[in-house]
Amino acid sequence: MRKNIVAGNWKMNLDYEQGLSLFSEIVNMVKDEVVGDQEVVVCSPAIHLHSLHQLTNSNKVSVGAQNIYQAESGAYTGEVSAAQVRSTGAEYVILGHSERRAYFAETDEVLAEKVNLALKNSLKPIFCIGETKDQREQGEFFNVIQEQLEKGVFHLSASEFAKIVLAYEPVWAIGTGLTASPEQAQEVHAFIRKSIAKAYNSDVAEATTILYGGSCNPTNAKELFSQTDIDGGLIGGASLKSRDFLDIVKVFNT
Ligand code: 13P
C-alpha cells in the first residue's frame, strides 16, 4: 500500500555535463530494466534540476533538490527557494540531511520551516533523521530520532504528513562503508512507524514510506529492503554509478 522508492543523493558531485550524462543513462536503464512499481528519484545539485526534469520520460523517474532556503524569497544571496526549485519541474527535496545539520548548523526549528515551505510549494520532502555514533553508543538513538520527528515534522496535519517521505540515515553509516545491519535498521524503522502511529494513527503510519540510507550498495540492499518496515533507500556514493544504482532499484523487481 505504501510506495517503494529508491532515491539517489548526488551531493556536491558531477559537473553539468556529467550530471546530464549519468541521468540519461539512468532514465534509459529504468525504461529497459525496471518492471516493478517502485519509484526512482534523483536528487541533484540545483544547477542540474531543470535539464534533468526535461529528460524524464517516464513517471518512474523523478527529480529532487538537496536543500531549499527557509524563506519565500528576498535578499538571501546564493540561496535557492522552494518555489524556484519547484519551477524547474523538480518534485522532491531532501531536508534535514545530517551533512546540512552538521556543516550548516541547521536546527530542527529551521528544518520545520523548510518542511512547511516545501509543502506550500508542492515539493515532497524527503526528511532525514538519524543518530551519531556517540548517540548510538550511549543508547540514546530512539530519543534523538523521536525528537527530530517531533520538532521537524509532527507539527503537520495528517494530510500534510501524508506527503512526506522519511529517511533513516544513521550518521555513522554515511559514506563510511559501515552499514547498519538489517536488524539494526529494521529496529529503528519499526520505532519510527510506531511513533507516527502515536502522533497520528496507524493508517498514516502504514502509508508512510521510510527509506534507509548509509553505505547502501547492490550487495546489501536486498537484505535491507526485505525488512518489513524498510521501503527503499536513499543512496549516496552508489547513486553516482548507473549500474550500481539500477541494481539497487531493481531489488524491488523481484
Ligand atoms: P552513502 O550511501 O554514500 O553512505 O550516503 C548516504 C547518504 O548520505 C544519502 O543521503
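First listed ligand is number 1; within each ligand, the first listed atom is number 1.
- Only the side chain of Asn9 comes within 4.0 Å of ligand 1, judged by heavy-atom distances.
- Geometrically, ligand 1 and Ser215 share a nitrogen or oxygen pair separated by less than 3.5 Å.
- Considering backbone and side-chain atoms together, Gly237 places an N or O closer than 3.5 Å to an N or O of ligand 1.
- Distance alone, capped at 3.5 Å, is enough to place a donor-acceptor pair between the Asn220 side chain and the Ser215 backbone.
- In terms of protein heavy-atom proximity, atom 2 (O) of ligand 1 is nearest to Gly236 N, 2.9 Å.
- When the side chains of ILVMFWY residues are joined at heavy-atom separations under 4.5 Å, either directly or via intervening members, Val40 and Leu55 end up in a single hydrophobic cluster.
- At least one heavy atom of Ala173 sits less than 4.0 Å from an atom of ligand 1.
- Considering backbone and side-chain atoms together, Gly175 places an N or O closer than 3.5 Å to an N or O of ligand 1.
- Contacts between Ala238 and ligand 1 below 4.0 angstrom, taking non-hydrogen atoms only, are absent altogether.
- Note: Phe191 and Phe141 fail the aromatic proximity criterion, with ring centroids not under 6.0 Å apart.
- The distance between the ring centers of His189 and Tyr168 falls below 6.0 angstrom.
- The side-chain contact (heavy atoms from CB on, under 4.5 Å) test with Leu111 singles out one residue from Gln70, Arg100, Glu106, and that residue is Glu106.
- No salt bridge links Glu150 with Lys198; every basic N to acidic carboxylate O contact stays at or beyond 4.0 Å.
- The closest protein non-hydrogen atom to atom 9 (C) of ligand 1 is Glu169 OE2, 2.9 Å.
- Remark: ligand 1 atoms within the under-4.0 Å shell around heavy atoms of Leu234 are 9 (C), 10 (O).
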For side chain to side chain contact (heavy atoms under 4.5 Å, CB included), just list the numbers for Leu240 and Gln18, CA-CA rounded to whole Å, side-chain angles, deciding distance to a tenth of an Å, and then say yes or no. CA-CA 10 Å; Leu240 296 171; Gln18 290 167 334; over 6 Å; no
